[in-house]
Protein chains: 2
Amino acid sequence: MRTVEAILEAMHERGCRVTGPRRVIVEFVLEQCEPFSAEDVFRALRRVQQTIGRATVFRTLDLLAELGVVERVHHPSGTHRYVVSSDGHRHHVVCIRCGRVAEFSGCNLEPILASIADQTRFRILDHWLELSGLCQTCQGETMAVSR
Amino acid sequence: MRTVEAILEAMHERGCRVTGPRRVIVEFVLEQCEPFSAEDVFRALRRVQQTIGRATVFRTLDLLAELGVVERVHHPSGTHRYVVSSDGHRHHVVCIRCGRVAEFSGCNLEPILASIADQTRFRILDHWLELSGLCQTCQGETMAVSR
DNA sequence: GATTAGTTGATACTGAGTATCATAAGGAGC
DNA sequence: GCTCCTTATGATACTCAGTATCAACTAATC
Ligand SMILES: [Mn+2]
Ligand SMILES: [Mn+2]
Ligand SMILES: [Zn+2]
Ligand SMILES: [Zn+2]
């Protein structure tokens, strides 16, 4: 897992400047273990540092996505959510009840992708796999409540 | 592949009314072989039937998604696109250059999903797999232009 | 410390999608 | 075909996420 300093250093190496707002946003983002929206970040940081601008939040999240620090995940509402990404290629399972997210590795889609490339004549460059279901906690509660 | 009449009949059986606007929208939608936005539908139909309302287009696309006639696919811009779905469970590959879409069947994710359920303790209820790459045509053109 | 290019945030804007509501029209039953 | 009731429509106004603009500011390099 990456540290605030390492991420700011990566920004610096990229030719970006290390600013107050960027530092605060990175600190906040690294604390999140559930997916969050740009608005979540904005509202939370406004309480800490009243001057921060909405546009800066969007811009910094774009930058963090480019750096691979966060990943954009799709939300059915059509708006973007972000999750802090571990190192390496990962995917997510989202709990449809409480919003909890679990990562998993080793998606091993390669054989499937090869067969699809064959079937469709496309050259597959990227894939996006998102799963949804019930986390362990919510499996129990759903049974208790609705059965 | 479903016909306009079969879809309108399905609406009727569901307790919905078969109206002029719905008929026109269904006719238009079934002609599409690439993903389209609600706005695409609205603009195209305005030329044919000036009175059609934007809200009706959104509402009818919602209805068609519920009926399984179209599927919502995610567009990186964050807005929704729709594709006409064939029968059965399918997924899509989108060409990042020309927007062409190919469907494929037999995703056979079950073994992978089982291992993920095991790994994360989630009960997996749904999956969403979207691939992107280059269609056969664009593979040729990309090489011709950029190499 | 002076210089300069990148960054910020206030403001205004865009564009997708939704809420409202008076009016229009489908369809079941007669 | 006509009645009656319920659903659907579309004009309008609105919300909300995200973006463009731009003058003021500031991090980094020398
Ligand atoms: Mn993967
Ligand atoms: Mn599948
Ligand atoms: Zn849960
Ligand atoms: Zn293509």
Side-chain angles (χ1 to χ4, degrees), chain A residues 4-5 7-29 35-67 70 72-82, chain B residues 4-5 7-29 35-67 70 72-82:
Chain A
V4 174
E5 292 311 316
I7 291 165
L8 295 176
E9 176 58 25
M11 282 185 183
H12 187 224
E13 262 158 30
R14 199 173 208 260
C16 297
R17 290 184 182 169
V18 176
T19 67
R22 282 181 175 161
R23 180 180 292 273
V24 175
I25 292 170
V26 170
E27 283 168 359
F28 176 85
V29 161
F36 54 89
S37 64
E39 194 62 24
D40 293 337
V41 179
F42 179 63
R43 274 203 299 264
L45 294 186
R46 260 283 152 126
R47 268 182 265 127
V48 179
Q49 185 163 329
Q50 283 86 352
T51 59
I52 204 160
R54 180 189 308 275
T56 300
V57 172
F58 278 98
R59 288 187 288 232
T60 303
L61 287 173
D62 286 349
L63 177 56
L64 290 176
E66 280 172 35
L67 290 173
V70 298
R72 256 187 265 271
V73 298
H74 181 247
H75 195 263
S77 71
T79 65
H80 290 144
R81 294 297 138 92
Y82 300 84
Chain B
V4 174
E5 292 311 318
I7 291 164
L8 294 176
E9 176 58 25
M11 282 186 184
H12 187 223
E13 262 158 31
R14 199 174 209 259
C16 296
R17 291 179 180 171
V18 176
T19 66
R22 282 182 176 162
R23 180 179 292 274
V24 174
I25 291 169
V26 170
E27 283 168 358
F28 175 84
V29 160
F36 54 91
S37 64
E39 193 62 25
D40 292 338
V41 179
F42 180 63
R43 274 203 298 264
L45 295 186
R46 261 283 152 125
R47 268 183 264 127
V48 179
Q49 185 163 329
Q50 283 85 352
T51 59
I52 203 160
R54 180 190 306 275
T56 300
V57 171
F58 279 99
R59 287 187 289 234
T60 303
L61 286 173
D62 286 348
L63 178 57
L64 290 176
E66 280 172 34
L67 290 172
V70 298
R72 256 187 265 272
V73 298
H74 178 67
H75 194 263
S77 71
T79 67
H80 289 142
R81 295 297 139 91
Y82 300 85

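The chains referred to below are lettered A, B, ... by the order of the sequence lines, with proteins before strands, and numbering in each begins at 1. Values below: every heavy atom of this structure, side chains too, minus hydrogens, waters and symmetry copies.
- Between A:Glu39 atom CD and D:dA17 atom C1' the separation is 8 Å, expressed in whole Å.
- Here the P atom of nucleotide D:dA17 and the OH atom of A:Tyr82 are 12 Å apart, to the nearest Å.
- Nearest-nucleotide assignment on DNA chain C puts the 5′-proximal partner with B:Thr79, out of B:Val18 and B:Thr79.
- Here A:Arg14 lies out of heavy-atom contact (under 4.0 Å) with every strand.
- Under the 4.5 Å side-chain criterion, counting only non-hydrogen atoms from C-beta, B:Met11 is not in contact with B:Arg17.
- Following rounding to the nearest Å, A:Asp40 (CG) and D:dA17 (C1') show an atom-to-atom distance of 13 Å.
- Closest contact between the side chain of B:Asp62 and the listed nucleotides D:dG10, D:dA8, C:dT18 involves C:dT18.
- To the nearest 0.5 angstrom, B:Ile52 atom CD1 is 8.0 Å from B:Phe42 atom CZ.
- In this structure, CZ of B:Arg81 is placed 13 Å from P of C:dG15, rounded to the nearest angstrom.
- Rounding to the nearest 0.5 Å gives a distance of 12.5 Å between CZ of B:Arg59 and SG of B:Cys16.
- The separation between B:Phe58 atom CZ and D:dC14 atom P is 19 Å, rounded to whole Å.
- Picking from D:dG10, C:dG17, D:dA17 the nucleotide with the shortest atom distance to the side chain of B:Ala38 gives C:dG17.
- Residue B:Thr19 has no polar side-chain atom (N or O) positioned under 4.0 Å from OP1 or OP2 of C:dA25.
- Taking only distance into account, the side chain of B:Arg59 meets the base of D:dG10 through a donor-acceptor pair shorter than 3.5 Å.
- Backbone-only engagement by A:Thr51 is indicated by non-hydrogen atom pairs under 4.0 Å involving sugar-phosphate atoms exclusively.
- A sub-4.0 Å separation between OP1 or OP2 of D:dA8 and a side-chain N or O of B:Arg22 is present.
- Taking a cutoff of 4.0 Å between a charged side-chain nitrogen and a carboxylate oxygen, A:Arg14 and A:Glu9 do not qualify as a salt bridge.
- Regarding A:Leu8, its CG atom lies at a distance of 19 Å from the P atom of C:dG6, rounded to whole Å.
- B:Met11 places its CE atom 10 Å from the P atom of D:dA8, with the value rounded to the nearest Å.
- Here the C1' atom of nucleotide D:dG18 and the CZ atom of A:Arg54 are 9 Å apart, to the nearest Å.
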Q.
Could you walk me through whether B:Thr79 and B:Arg81 satisfy the side-chain hydrogen bond (donor to acceptor under 3.5 Å, both in side chains) test, starting with their C-alpha distance in whole Å, then the side-chain angles of each, then the deciding distance to 0.1 Å, before giving a yes or no?
A. CA-CA 7 Å; B:Thr79 67; B:Arg81 295 297 139 91; 3.1 Å; yes

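- A donor and an acceptor atom sit less than 3.5 Å apart, one in the side chain of A:Arg17 and one in the base of C:dA5.
- Here A:His12 reaches the OP1 or OP2 of D:dT29: one of its side-chain N or O atoms lies under 4.0 Å away.
- Residue B:His80 places no side-chain N or O under 4.0 Å from the OP1 or OP2 atom of C:dA16.
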